[in-house]
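I have placed the structure first, in the form of C-alpha cells, so that the comments after it can refer back to it.
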Number of protein chains: 2
Amino acid sequence: MGISKTTFFNDTQNHLATLCKALGHPARIAIIQYLLSVENCICGDIVNELPLAQPTISQHLKELKNANLIKGNIEGNAICYCINEQTIQYLAEYFNHTSQLLAKKKATCC
Amino acid sequence: MGISKTTFFNDTQNHLATLCKALGHPARIAIIQYLLSVENCICGDIVNELPLAQPTISQHLKELKNANLIKGNIEGNAICYCINEQTIQYLAEYFNHTSQLLAKKKATCC
DNA sequence: ATTATTAATCGTAATATTGCGATATTAAAA
DNA sequence: TTTTAATATCGCAATATTACGATTAATAAT
C-alpha cells in the first residue's frame with residue numbers, strides 16, 4: 001500500500017525512523033556535510049554546490065527542516081540554513097547506546 | 001523523476017544515505033530494537049512481535065540485510081537474524097564525529 | 001512419503017519520493 | 001516604482017516503497 005503503519009509503533013521508533021529517512025538520500029547527506037564545512041550557510045550556495053536544480057534543493061531542505069535536522073534564519077532576502085546540533089547529538093547518542101549494548105551482549109549466534 | 005542521482009555523490013555520501021534509508025522506517029527500527037533485546041533471534045519471532053504480515057517482515061529484513069545492518073544464519077528450517085555490530089558502530093562514529101565538529105564550530109548564525 | 005513449519009518470492013494495488021520547469025513570493029537594489 | 005535576486009510552491013511525470021495474499025522452496029517432523 002505504500003503507507004507506513006506508523007500508528008503501530010511507538011514515538012521513539014517513529015521519531016528515529018523520521019530522522020533516518022530524512023538522511024536517507026545522498027543529496028541530504030551532502031547538504032548536512034556542506035553545512036558542517038562552511039561558516040556562512042546560504043541556500044543559494046547549496047544550489048551552486050550540488051548538481052541539482054533549485055526547486056529540488058529547496059525540497060530537500062524542507063525535508064531536513066521538517067525532521068528538525070536543520071533550521072533556517074531569514075537574512076534579508078536570503079535564508080541562512082544551519083544544522084540543528086541537538087538532533088545530530090540525539091542520533092549520536094542513540095547509535096552509541098546501541099553500539100555499547102551490542103558490545104556487551106554475548107554473540108549467541110551469527 | 002523518483003530516481004536518486006546517486007552518481008553525482010561520493011561513496012561515503014551514498015553509503016550513509018543507504019544505511020539511513022534502511023533505518024528510515026519504524027518497522028525496521030523496531031526490528032533492530034527487537035534483535036538488540038533478545039538472545040535468540042529467529043525470523044518467526046519478529047513476525048509475532050510486529051503488527052505486520054510475514055511477507056512484509058521478510059521484505060524489511062531483506063532491506064536491512066542489503067544495507068549490511070543485519071546478518072542471517074540458517075538454523076535448521078528457521079533463520080537466525082542478528083545485528084551487524086560493525087555497521088552500527090560506523091553510524092555511531094559518523095554521528096559522534098559530526099556532533100563533535102558542530103560543538104567546536106562557532107555558531108555564526110541560527 | 002506425507003505433512004507441517006519456516007521463510008522467501010511473486011504479483012499487484014495504493015501511496016510516496018524524486019526531480020524539475022514554470023510560477024509565485026519576498027525583499028533588496030537601482 | 002521597477003527591476004533584480006533568492007527561495008518557495010505548484011504541477012506533473014517517472015520511479016520507488018509499502019503492504020499483503022498467494023505461492024514456492026526447503027527443511028523438520030510424523
Side-chain angles (χ1 to χ4, degrees), chain A residues 1-9 13-14 17-18 20-31 35 40-67 70-82 109-110, chain B residues 1-9 13-14 17-31 34-35 40-67 70-82 109-110:
Chain A
M1 299 178 183
I3 188 165
S4 303
K5 290 188 157 185
T6 52
T7 328
F8 296 133
F9 303 98
Q13 287 163 345
N14 284 322
T18 300
C20 289
K21 193 175 186 179
L23 292 173
H25 190 289
R28 295 194 290 266
I29 293 284
I31 288 170
L35 290 181
N40 224 357
C41 38
I42 297 299
C43 176
D45 298 344
I46 305 172
V47 175
N48 290 329
E49 188 73 9
L50 299 192
L52 293 169
Q54 180 269 321
T56 308
I57 299 287
S58 192
Q59 202 173 285
H60 283 308
L61 287 169
K62 193 182 181 182
E63 280 171 70
L64 288 170
K65 205 177 170 189
N66 283 343
I70 61 173
K71 17 184 185 171
N73 263 20
I74 298 170
E75 305 238 327
N77 67 340
I79 290 180
C80 171
Y81 279 109
C82 297
C109 49
C110 304
Chain B
M1 299 179 184
I3 189 165
S4 303
K5 291 189 156 185
T6 52
T7 328
F8 295 134
F9 301 98
Q13 288 163 345
N14 284 323
T18 299
L19 294 179
C20 289
K21 193 175 186 178
L23 292 173
H25 190 290
R28 295 194 290 266
I29 292 283
I31 289 171
Y34 178 72
L35 291 182
N40 225 357
C41 39
I42 297 299
C43 177
D45 298 344
I46 305 172
V47 174
N48 291 329
E49 188 73 9
L50 298 192
L52 293 170
Q54 179 268 319
T56 309
I57 299 289
S58 194
Q59 203 173 284
H60 283 307
L61 287 169
K62 192 181 181 183
E63 279 172 70
L64 288 170
K65 205 176 169 191
N66 283 342
I70 62 173
K71 17 184 186 173
N73 262 21
I74 298 169
E75 305 238 327
N77 68 341
I79 290 180
C80 171
Y81 279 109
C82 299
C109 48
C110 302

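Computed from heavy atoms alone, side chains included, the values below leave out hydrogens, waters and symmetry copies. We name chains A, B, ... by the order of the sequence lines, and we start the count at 1 in each one.
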inquiry  = Roughly what angle, to 10°, lies between the helix axis at the start of the helix from C:dA1-D:dT30 to C:dA30-D:dT1 and the one at its end, five pairs per end?
reply    = 20°
query = To the nearest Å, how far apart are A:Q59 CD and D:dA14 P?
reply = 17 Å
ask   = Considering all heavy atoms of both residues, which atom of B:L50 and which atom of B:A27 are nearest to each other, and what is their separation?
value = CD1-O, 3.8 Å
key: Phosphate OP1/OP2 of C:dT17: any B:K21 side-chain N/O under 4.0 Å   = no
task = Could you work out which one of C:dA16, C:dA22, D:dC20 sits closest to the side chain of A:P55?
result = C:dA22
inquiry  = Whole angstroms only, please: what is the CZ-P distance between A:F9 and D:dA19?
reply    = 7 Å
message = When you measure from the side-chain N and O atoms of B:S58 to the phosphate of C:dA7, is any distance below 4.0 Å, counting only OP1 and OP2?
response = no
task = Would you mind reading off the distance between B:K71 atom NZ and C:dA7 atom P, rounded to a whole angstrom?
result = 19 Å
query = In whole angstroms, how far is the P atom of C:dG19 from the CZ atom of B:F8?
reply = 10 Å
ask   = Say you draw a straight line from CG of A:L61 to CZ of A:R28; how long is it, rounded to the nearest 0.5 Å?
value = 10.0 Å
ask   = Is the distance from OP1 or OP2 of D:dA6 to the nearest side-chain N or O of A:Y81 less than 4.0 Å?
value = no
inquiry  = Just the rounded figure in Å: distance from C1' of D:dT7 to CD of A:E63.
reply    = 16 Å
request  = Output all residues satisfying side-chain contact (heavy atoms from CB on, under 4.5 Å) with A:K62, sequence neighbours left out; order by chain, then residue number.
outcome  = A:N66
request  = Using the salt bridge (Lys or Arg N to Asp or Glu O under 4.0 Å) rule, collect all pairs that involve residues 40-59 of chain A, keeping only residues at least two apart or in two chains.
outcome  = none
Rounded distance in Å - CG (A:L52) to P (C:dG21) = 11 Å
key: Trace of the side-chain contact (heavy atoms from CB on, under 4.5 Å) decision for A:T56 with A:V47   = CA-CA 9 Å; A:T56 308; A:V47 175; over 6 Å; no
request  = Work out which heavy atom in A:A22 is nearest to a heavy atom in A:L64; give both atom names and the distance.
outcome  = O-CD2, 3.8 Å
Residues in side-chain contact (heavy atoms from CB on, under 4.5 Å) contact with B:T18, at least two apart in sequence or another chain = B:A67
message = I'd like to check the side-chain contact (heavy atoms from CB on, under 4.5 Å) partners of A:S58; sequence neighbours left out, ordered by chain and number.
response = A:Q54
ask   = Looking at B:T56, does any N or O in its side chain come under 4.0 Å of the phosphate oxygens OP1/OP2 on D:dC20?
value = yes
ask   = In terms of side-chain heavy atoms of A:I79, which of C:dC20, C:dA8, D:dT7 is nearest?
value = D:dT7
message = Taking any heavy-atom pair under 4.0 Å as a contact, classify A:I42: base, sugar-phosphate, or nothing.
response = sugar-phosphate
inquiry  = Can you list everything that forms a side-chain hydrogen bond (donor to acceptor under 3.5 Å, both in side chains) with B:Q59? Sequence neighbours excluded, please.
reply    = none
request  = Would you kindly give the NZ-to-C1' distance between A:K62 and C:dC20, to the nearest whole Å?
outcome  = 15 Å
List every contact pair, protein side and nucleotides 23-29 of chain C side both N or O, where the distance is under 3.5 Å.
none

ask   = What pairs with B:A17 under side-chain contact (heavy atoms from CB on, under 4.5 Å), at least two apart in sequence or on another chain?
value = A:P26, A:I29
query = Once you round it to whole Å, what is the distance between P of C:dT17 and NE2 of A:H60?
reply = 12 Å
ask   = For DNA chain C, whose closest nucleotide is more 5', that of B:V47 or that of A:R28?
value = B:V47
